[in-house]
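Note that this is a predicted model, so its numbers are computed, not measured. All chains are named by letter (A, B, ...) in the order of the sequence lines, taking the proteins before the strands, and each is independently numbered beginning at 1.
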2 protein chains.
Amino acid sequence: MRMTRADVPVPLVRSGEVASRTAIRRANLGLVLRDLNTHGSRSQTQLAEDLGLPKATVSTLVSELTELGLVYQTDATRAGAVGRPRQTVELRGTAICGLGVELTATDARAVALDLRDDVLLDRSIAIDRADPDTVLDAVAALIHDALAVLAESGSHVLGITIAAPGQLDRDAGVIRFAAPLGWSDVQLVDGLISRLNADVPPMRIDNDARLGAVAEYAVARTEGIHDLLYVTGGLGVGAGILVDGQILRGAMGFAGEIGHLPLGRPDLPCPCGRSGCVEATVGVTAFLDTVSDPPHAVRDLDQQMTDLRTRADAGDPVVLAALGTVGQGLGVVVGMLIDVLSPRAVILGGYFSYFGEHLLTHVRGAVEARAIAGQAGGCDIRTSGFAFTGPARGAAHTALEALFTDPVACMEHASS
Amino acid sequence: MRMTRADVPVPLVRSGEVASRTAIRRANLGLVLRDLNTHGSRSQTQLAEDLGLPKATVSTLVSELTELGLVYQTDATRAGAVGRPRQTVELRGTAICGLGVELTATDARAVALDLRDDVLLDRSIAIDRADPDTVLDAVAALIHDALAVLAESGSHVLGITIAAPGQLDRDAGVIRFAAPLGWSDVQLVDGLISRLNADVPPMRIDNDARLGAVAEYAVARTEGIHDLLYVTGGLGVGAGILVDGQILRGAMGFAGEIGHLPLGRPDLPCPCGRSGCVEATVGVTAFLDTVSDPPHAVRDLDQQMTDLRTRADAGDPVVLAALGTVGQGLGVVVGMLIDVLSPRAVILGGYFSYFGEHLLTHVRGAVEARAIAGQAGGCDIRTSGFAFTGPARGAAHTALEALFTDPVACMEHASS
DNA sequence: GTGAGTTAGAACACTAGCTGAACTAACTCT
DNA sequence: AGAGTTAGTTCAGCTAGTGTTCTAACTCAC
């Protein structure tokens, strides 16, 4: 927590939103959950220190959360130091979860996360590139099965978030245009809901790169990192930007559309009709075209990338050269984004995440060559630990997000 | 206000900050001031609707602000419609003001704004490019005179913000590196305070482009625009980014450093030692080099730009061609920033602001040629109405900002 | 093993400030 | 002149944060 009792010149309620009576409680309840989620189980006294609230307030907050069934207190009989041993307040894991589903051109993946960020479920199905209707049938079946499994394990699904590439209308639940899928104006949410039972949890969609960034933030926030840039590499290349822990969507909701910036090799044509696009240079298709002859189909990317990583580790010059090209191209983009956004960390996801230092060396080199505030500015550049599961994980986090904003309302709905 | 009573599914207190009892009041008092500042004088009933608060609460808030001397109520005897005529709550203008000072390589300018955004003072002095000590003497004299004038008019100066180019350490009040000034590691705040009386209002520094963006936001927010990109053209080229009304600084505080992105003419050398920098292509030096032979000194930019605007209006092919080059170069950068940030508006400040459509046509053309979500995405591209006074105005706004966050604390200090 | 010291957490009285309802004020319209 | 309408204030009520106090549960020293 950045806000401790010591440094309170800053107002406790952020300006911009009206502070009402009931809202205070809900916000503070959510903050306790958030602190436990970020920093792990801790005692009431620690919570009070973290949040800058008096112990008395924390005591009532914890007891209310206990009644809601969201936390429980353990008799921490282990006592190291002097004084009464602290009981730890712990998040009740299985009670509530969020379901995230990522949709790509090659597969769909469902991940369920509980309050403790534990993975309750992770399954994926292959998608044969096909018309939206067929794909939606398959995705609906995936969701149906996932919901059944979660219901059986006694976990209440708070919400479902679908991660999809391209430009989306979040309010309408519609994919406006997604080049990797070859779709335009597909009613995703309505299509899925009509295929499922009526009593399906609230469903939303969001951009895959943005949700990938959310997944990374769940880790980064524990390190005190609140400004990060996530770049995903797949058929498309997109960025998810987090500023002070908030997703940057922009006024039109299109922020992070870096796939078609004219920063790639000028001669390379892009399916979008132009040339020089980032996507055409560092997208997975370009990479696979370089390393595999005859050209391989874009299928089972996880297996392919694991194999290529093995080849890279073994010193395969073709793979290493391709990674050099990709790393250099990526470094140019990342360097510019660092100058524009000044993030604390850059995390490379998707297929980039398989290659660690093989790739990072080139990216860092290109960044240091141009960026004003590159490595010197204290910006870490690393690969994601989530490989291709990032967006689905982030989607699951997002589906759970409401709980941290208003636990009371969420649990009211949950019980009914 | 985006938050009205109708759309209150969103919680009233933003999560992320602890909500304490006293903080509620201070936040709500500030919100009333902000609403009056943004939307002009209005009745208590209108305020209640804007803020989503009950009339009773607004009533007590207004009376407390009246006691603080920040607002007054007029007997609005004019009655158009049926019912009791509404009294309007108005901001008391002259009571409190913020002082903004911009420091450039050619001059220093002081602007004082009151609560109503009225300009209480606007004066500038020429600066002969010289060592920091000499410049600080002159700036201190400017501030001294400005404070004297404001004191005489009975306006309490809440704070002083200095706008400076380059990379700054805001906490330390130090200019780390400012290429346009040729300075590095200059103790700006300490240097000025030691030259002034001890009882000078709190002084801060911030980046000129960011403050220029703040000045634009004071206008844009009245149109419901909360995501904007400001690009300033001077000796340096920088960007100020506002996301959801908040300044984007980034983790390191270097966000918006677009002057040395490698997006300019690749052959043009830049004083920074590299080539292809944006600054070297669209900075004022490059522009002046193109339009005036023999090369003119960079002095009295306002007069020079006004003259060049006149030449452009008269159809001078040299000036129009130069504007075409600058507009094209700027459009490439702006187009990329639009894809990354998805702002609602892009505002061109500094010397760009003098040329209106002469420049905008080319910028828009370049943006539409590449950006995914350019004009089609609903992003306005326009020139600033503040010319070279933008950063100083924004600095004055920033100096006043504390009042909207915690009016009570500010007025306590003011009276003592 | 007993009391002093220490830390954790709950209980309680207190209070700031939001909130709904009732009430007064000031006007228009018929 | 009275009914209707809208604005703003007053007041009682209640929610929830806050400081203090108290109890619980431990360690440590003698």
Side-chain angles (χ1 to χ4, degrees), chain A residues 5 8 11-13 17-32 41-67 71-90 406-408, chain B residues 5 8 11-13 17-32 41-67 71-89 407-408:
Chain A
R5 197 153 210 179
V8 204
L12 296 171
V13 176
E17 308 287 332
V18 191
S20 77
R21 204 171 47 192
T22 55
I24 297 172
R25 193 96 240 255
R26 313 202 147 186
N28 283 348
L29 287 169
L31 276 167
V32 172
S41 303
R42 50 219 311 105
S43 69
Q44 291 193 22
T45 307
Q46 281 178 301
L47 282 169
E49 281 171 18
D50 286 351
L51 302 174
L53 287 170
K55 289 198 301 177
T57 307
V58 172
S59 181
T60 61
L61 289 169
V62 167
S63 61
E64 188 165 345
L65 289 172
T66 306
E67 269 178 43
V71 304
Y72 61 96
Q73 298 189 56
T74 57
D75 290 0
T77 36
R78 286 190 55 233
V82 71
R84 173 176 169 177
R86 33 184 67 175
Q87 300 168 263
T88 56
V89 183
E90 292 188 23
D406 190 345
V408 180
Chain B
R5 196 150 212 180
V8 205
L12 297 171
V13 176
E17 309 286 333
V18 190
S20 77
R21 205 173 46 193
T22 56
I24 297 171
R25 197 92 233 264
R26 314 203 145 187
N28 283 349
L29 287 170
L31 276 166
V32 172
S41 303
R42 51 219 309 104
S43 70
Q44 291 192 24
T45 307
Q46 282 178 301
L47 282 169
E49 280 171 17
D50 287 350
L51 302 174
L53 287 170
K55 288 197 302 175
T57 307
V58 172
S59 180
T60 62
L61 290 169
V62 168
S63 61
E64 187 165 344
L65 289 172
T66 307
E67 270 179 43
V71 303
Y72 61 96
Q73 297 189 59
T74 57
D75 290 2
T77 36
R78 288 190 53 232
V82 68
R84 173 177 170 175
R86 32 184 68 173
Q87 300 167 264
T88 55
V89 183
V408 181

Between the protein and nucleotides 3-5 of chain C, list every N/O to N/O distance that falls short of 3.5 Å.
none

Measure all distances between protein nitrogen or oxygen atoms and nitrogen or oxygen atoms of nucleotides 12-17 of chain C, and list the pairs falling under 3.5 Å.
residue, atom, partner, partner atom, Å
C/dT15, O2, B/R21, NH1, 3.2

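Listed nucleotides D/dA7, C/dC27, C/dA8 differ in distance to A/K55; the shortest reach to its side chain belongs to C/dA8. When distances are taken from the side chain of A/S43 to each of C/dG9, D/dC26, D/dT9, the shortest belongs to C/dG9.
When the side-chain nitrogen and oxygen atoms of A/S59 are compared with OP1 and OP2 of C/dA11, none of them lie within a distance under 4.0 Å. Under 4.0 angstrom from either OP1 or OP2 of C/dA10 there lies no side-chain N or O belonging to A/S63. Proximity of A/Q44 to the phosphate of C/dA10: a side-chain N or O atom is located under 4.0 Å from OP1 or OP2.
The shortest side-chain heavy-atom distance between B/Q46 and B/V89 does not fall under the 4.5 Å cut-off.
Looking at residues two or more places apart in sequence or on another chain, you find a side-chain contact (heavy atoms from CB on, under 4.5 Å) between A/T57 and A/L53, A/P54, A/L61. For B/S63, there are no side-chain hydrogen bond (donor to acceptor under 3.5 Å, both in side chains) partners, not counting sequence neighbours. Qualifying side-chain hydrogen bond (donor to acceptor under 3.5 Å, both in side chains) partners for B/T60, counting only residues two or more places apart in sequence or in other chains: B/R25. Residues that satisfy the side-chain hydrogen bond (donor to acceptor under 3.5 Å, both in side chains) test with A/Q87, not counting sequence neighbours, are absent from this structure.
Rounding to the nearest 0.5 angstrom, the gap separating the CD atom in A/E49 from the NZ atom in A/K55 is 9.5 Å. Atom OG of B/S43 sits about 10.0 Å away from atom CD of B/Q73, to the nearest 0.5 Å.
C/dA10 atom P lies 12 Å from atom CG of A/L47, rounded to whole Å. Atom CD in A/Q73 sits about 17 Å away from atom P in D/dA24, given to the nearest Å. The CG-C1' distance, from A/L53 to D/dG19, rounds to 14 Å in whole Å. Between B/D75 atom CG and C/dA26 atom P there is a gap of 9 Å when expressed in whole angstrom units. If you take CZ of B/R86 and C1' of C/dA25, they are 15 Å apart, rounded to a whole angstrom. Spacing between atom CD of A/E49 and atom C1' of C/dT7 amounts to 11 Å, rounded to whole angstrom units. Whole-Å rounding puts the A/Q87 CD to C/dG9 P distance at 6 Å.
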- Task: Go through the steps to decide whether B/V58 and B/V32 satisfy the test side chain to side chain contact (heavy atoms under 4.5 Å, CB included), and finish with yes or no.
- Result: CA-CA 8 Å; B/V58 172; B/V32 172; 5.5 Å; no
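Between the side chain of B/T66 and the main chain of B/V62, a donor-acceptor pair closer than 3.5 Å is present.
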